[in-house]
Amino acid sequence: MGKRFDPGVQFGVVIVGAGPAGLVLGNLLLEQGIDCVILERREREAVEGRARAGFLAAHSVRVLTEHGLGAGLAARGRVHRTCLFRSGRGEFTLDYGQLGRGEVHTVYPQQELVRDLLAEYLRRGGEIRFGTEVEEVTEGRVRVRGGADVTGRYVAGCDGHRGAARAALAARGTRTARWDHGVTWLAVLVQAPPSLSAVGYALHERGFAGHMARTESVTRYYLQCPRGNDPADWSEDRIWAELATRMRTAEFGPLKEGSVLEKTVVDLRSDVLERPGTGRLWLAGDAAGLISPSAAKGANLAVLQAERLARALIRALGRDDDGGLTRYASDCLPRVWRAHEFSHWMSNLLHGPTAGDAEARYGRALQYARLDSLRTSRTHQDFFAENYTGI
Ligand code: RFL
């Protein structure tokens, strides 16, 4: 059972942030009897309602299932094993479930996963404080806006890429490797069934368009747009017209339209902290590194890191041995960089130049050469499948 939230009480682990990383970590710590508290800036409704990711890699599903967190996704998640590419040169489907290691994705909206994780965390007796903003993080102590400090043997920063934990590490000299992909997406959630049985990637001179299933009645679409665009500039009519053009519906058939539930603009940026922690402060998920959504890796890296960090913290608190924490960085970073490399490759594949000069023509020809290689080379397809589903 969690300790009561009284000033002066020292927790085993103070977790900042109730996203996928913080909630997986909290559940795994409770499973081993480690007392912890989660401090979350937002209210419960906002945390449970935030639609973001949807594609869970096989590794994430295994981790969640092994730790008793997979009932919801087993019941309501949908297996996806194909993706489809459209361009001016036609369309092809990759059955990645038959390629590489034969792994598949489970499509399960992030907000449903967060709801499941939170319900299980509370069922296990976990302590959580919503509406509690952490202003400053130091080793073993966090300062809460308008409240008393909270202390723990360890602090786990799972507060996303703009959180206080990352700022604390940066202030201590931890360096960041950073990349701006120079691309912006309008991310749209619509009340309509998926139009394709697969993930759809459309390459077009006007910019990339993407189609991703979420549930039987909700679909996510992406439209590459100029940086600095305001979502308000994109009316429903404009969104559907642009999707129809880029997804070449005149050639391949109409999309199932519906009302727009949500539209946000996402600048595709990536970064990695060169060391995700030190001493009594350790980071997981977007706090430790942000990955552009082009290959749907973010939530999967969050689950991977939370699981590795949980193991290390259980060892540190249970056996007084912090060797696992030292290895946490060297254990995770190579996998994190593999995911970034693939995500960067996907970004180059999906986003060609939109101008019409000689350099643009060269860039577009490279984009088509890449796509052609993926369409025709079994070796390339196996490599794609391994990286697309792996983590
Ligand atoms: P989160 O989910 O951002 O959670 C951090 C939590 O910390 C809280 N917080 C604080 N609490 C207290 N004090 C503070 N000072 C705090 N500062 C922040 C926040 O309120 C929040 O609740 O981070 P986490 O747990 O690391 O999880 C990361 C994932 O959410 C993220 O990587 C994915 O959503 C990325 N992503 C995708 N990943 C996938 O694996 N597959 C996908 O299909 C996929 N699609 C996406 C995505 C991200 C997107 N956006 C919006 C960038 C699609 C989109 C559009």
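In each ligand, atom 1 is the first atom listed, and ligand 1 is the first ligand listed.
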Before we go on, tell me: are the rings of Phe383 and Trp345 under 6.0 Å apart, centre to centre?
no

Atom of Ser197, atom of Thr82 and distance for their closest heavy-atom approach:
O-OG1, 4.3 Å

Look at atom 28 (C) of ligand 1 and find which of Asp267, Asp286, Leu56 reaches it with the closest heavy atom.
Asp286

Taking Gln367 for the side chain and Leu349 for the main chain, is one N or O donor matched with an acceptor at less than 3.5 Å?
yes

Heavy atom of Trp185 under 4.0 Å from ligand 1?
no

If I apply the N/O under 3.5 Å rule, does Gly298 come out as touching ligand 1?
yes

Can you find an N/O atom of Ala296 closer than 3.5 Å to an N/O atom of ligand 1?
yes

Check: Gly285 N/O within less than 3.5 Å of ligand 1 N/O:
no

Hey, are Glu242 and Arg246 close enough for a salt bridge, meaning a charged N less than 4.0 Å from a carboxylate O?
yes

Could you walk me through whether Ser195 and Tyr221 pass side chain to side chain donor-acceptor pair (under 3.5 Å), step by step?
CA-CA 10 Å; Ser195 298; Tyr221 287 95; 3.0 Å; yes

Ignoring hydrogens and angles, state whether a donor on the side chain of Ser343 or Ser294 is under 3.5 Å from an acceptor on the partner side chain.
yes

Would one find an N or O of Arg42, backbone or side chain, under 3.5 Å from an N or O of ligand 1?
yes

Residues forming a side chain to side chain donor-acceptor pair (under 3.5 Å) with Glu136, sequence neighbours excluded
Arg143

Does Val134, backbone or side chain, put an N or O under 3.5 Å from an N or O of ligand 1?
yes

Listed once per pair and sorted, the salt bridge (charged side-chain N to carboxylate O under 4.0 Å, His left out) pairs that draw on residues 171-200, sequence neighbours left out:
Glu139-Arg172, Arg175-Glu274, Asp180-Arg227, Asp180-Arg269

Check contact between Thr132 and ligand 1, using heavy atoms of the residue and a distance below 4.0 angstrom.
yes

Have a look at Ala295, Ala339, Ala299 and point out the one with the heavy atom closest to atom 40 (O) of ligand 1.
Ala299

So, Tyr108 versus Phe55, ring centres under 6.0 angstrom or not?
no

Would Gly22 count as being in polar contact with ligand 1, using the rule that some N or O on each side must be under 3.5 angstrom apart?
no

N/O of Arg220 under 3.5 Å from N/O of ligand 1, yes or no?
no

Of the choices Ser292, Ala53, Cys158, which has the non-hydrogen atom that lies closest to atom 44 (C) of ligand 1?
Ala53

Quick check: do Pro193 and Glu216 have side-chain heavy atoms less than 4.5 Å from each other?
no

Taking heavy atoms and a distance under 4.0 Å, where does Thr264 meet ligand 1: side chain, backbone, both or neither?
neither

Close N or O approach (Gly54, ligand 1; < 3.5 Å)
yes

I'd like to know whether ligand 1 has His161 as a neighbour, heavy-atom separation below 4.0 Å.
no

